[in-house]
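Scroll down for the structure; my scribbles are underneath it.
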Amino acid sequence: MTKINLSELTIKKAHDLIHDKEISCRELLSIYQENIKKHEKNVHAYLEVFDDAFEKAEEEDKKIMAGEEPKLLAGIPLAIKNNIMIKGKICSAGSKILENYKATYDATVIKKLRDEGAIFIGRTNMDEFAMGSSTENSAFGPTKNPYDLERVPGGSSGGSAAAVAQQECLAALGSDTGGSIRQPAAFCGIVGLKPTYGAVSRYGLIAMASSLDQIGPLAKTTEDIELLFNAIKGKDSFDSTSIDFDKFRNKKSTAKIIGVPKEFFSLKDGGKEGLDKDIAANIVKTIDFFKDNGYIIKEVSLPYAEYSLPTYYILMPAEVSANLARFDGIRYGFSEKGDNLLEDYMKTRREGFGKEARRRIILGTYVLSEGYYDAYYSQAQKIRDLIKKDFENAFKEVDVLITPATPTLPFKFGEKSGDPLAMYLSDIFTVPANLAGIPAVSVPMGFIDRDNVKLPTGIQFIGPWFGEEILFDLSKKIEYARANIY
Ligand code: GLN
């Protein structure tokens, strides 16, 4: 068997090895499973490692031995965030209320990946119902950051990000409602894409806030991200908000003019209040790199973007309160009995949901209630439109926007978990793209020394609607030149 350096293995390289019969799908899987055995007790990226993965790998091997051309994802071990349904597997969304809930069907993305021969190696840990930025809200204990076990991996797709970073899978799927793919990708030193809203079907994703949720890939390289995005995108009759990407694809696939939103990053001061100084310095290096390579850097203004977080924290809980109403102890999962039906509901929900889920359900119910709807929910909808218009205007002047992915380095456990507002600020750079429905990618931007540990950072590119290819192009430029930039 060929010797493999996992940290350099990409989907394409693995495919070539499988294709050339240098390695079998079972052998590849077992290398990852060995790594899981070695690291899981420290990292806790998975809620479950599937014991049928080996059989699936064997099936792929048999096809190859019978002379079939392996498909691009044949035998590729992928980890799946546990809010994406895999038929017959527990799908808990990180919540006690769904602790034993078994998915009765495959999400569309799963079906697509399965058809391409991908192997699902396990289901990954996450903040309960994808609410959080650290995985500390998981009902099953947190995931640790592989770069420093005292620090969070980010969230809510923290399990997926840590699994990729620790070489416990080749790539993973996550979901992003306000940053849950990009922020953990940045914290774990990998690439993470939130696609354009509608580019990927949400059928079979346990809904958090349906107008913001998107499924997307996390991987070590942009090439892998692109490959997975192409495998999962597309219109789906089971999700009426999904759109035929190829039909609406942005005409541009490369950028010439890169915009720096002054509300996020001041070119003059080389930073912003609340933004880590070392992250700011790396942003400056990135901008200089693009300047040196002939790109035009232009300051743009997104005047309403500063209202993104307050807008998000009204609209998102409103949708959360509606989406989570179905978990009542009668239809799914965990159930507690009271003296009557209402008590059944109350007991089930009080004990089944964690603190953050309850907080958001209460907030959401409040902003939707009679007398407050106009003051909160409908105002926030209007601001959301204005934020969208801000981006429309910006993309008339520039091809793409550049911002930090996160304001801070990966933080320590407990550092923000007692202060919801501090935690919510982790999403300051990522939330606007969800509100506008536009694509955004987080790409590793070098390491920063903190307390004698090298911690990863991420840069974010935000593109116009269906402009994923522009993001891939810039992201690859950074990847190829990384060693010289930082
Ligand atoms: N951290 C954000 C939140 O808690 C984003 C979550 C997400 O994208 N799912 O809402």
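Remember, it's 1-based here, ligands and their atoms both numbered in the order they're listed. FYI, side chains are in, hydrogens and waters are out, and symmetry mates aren't considered; it's all heavy atoms of this structure. Here the structure is a predicted model, which is why all the values come from computation and not from measurement.
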### Query
Which of parallel (below 30°), tilted (30 to 60°) and perpendicular (above 60°) describes Phe327 and Phe353?
perpendicular
### Task
Check ring-ring contact (aromatic ring centres under 6.0 Å, His included) between Tyr486 and all other residues, then give those that pass, not counting sequence neighbours.
none
### Query
Among all residues two or more places apart in sequence or in another chain, which pass the salt bridge (charged side-chain N to carboxylate O under 4.0 Å, His left out) test with Lys220?
none
Does ligand 1 have any N/O pairs with the protein under 3.5 Å, and how far apart?
from, atom 1, to, atom 2, distance (Å)
ligand 1, 1 (N), Gly132, O, 2.9
ligand 1, 1 (N), Ser133, OG, 2.9
ligand 1, 1 (N), Asp427, OD1, 3.3
ligand 1, 1 (N), Asp427, OD2, 2.9
ligand 1, 4 (O), Gly132, N, 2.8
ligand 1, 4 (O), Arg360, NH1, 3.2
ligand 1, 4 (O), Arg360, NH2, 2.8
ligand 1, 8 (O), Thr177, N, 2.7
ligand 1, 8 (O), Gly178, N, 2.6
ligand 1, 8 (O), Gly179, N, 3.2
ligand 1, 8 (O), Ser180, N, 3.0
ligand 1, 8 (O), Ser180, OG, 2.7
ligand 1, 9 (N), Ala130, O, 2.8
ligand 1, 9 (N), Thr177, OG1, 3.4
ligand 1, 9 (N), Ser180, OG, 2.7
ligand 1, 10 (O), Tyr312, OH, 2.6
ligand 1, 10 (O), Arg360, NH1, 2.8

### Query
Parallel, tilted or perpendicular: which fits the ring planes of Tyr424 and Tyr313, with parallel below 30° and perpendicular above 60°?
parallel
### Message
Between Lys235 and Ser242 (side chain of the first, backbone of the second, donor and acceptor by atom type, cut-off under 3.5 Å), is there such a pair?
### Response
yes
### Query
According to the salt bridge (charged side-chain N to carboxylate O under 4.0 Å, His left out) rule, which pairs have a member within residues 305-334, sequence neighbours left out?
Asp328-Arg331
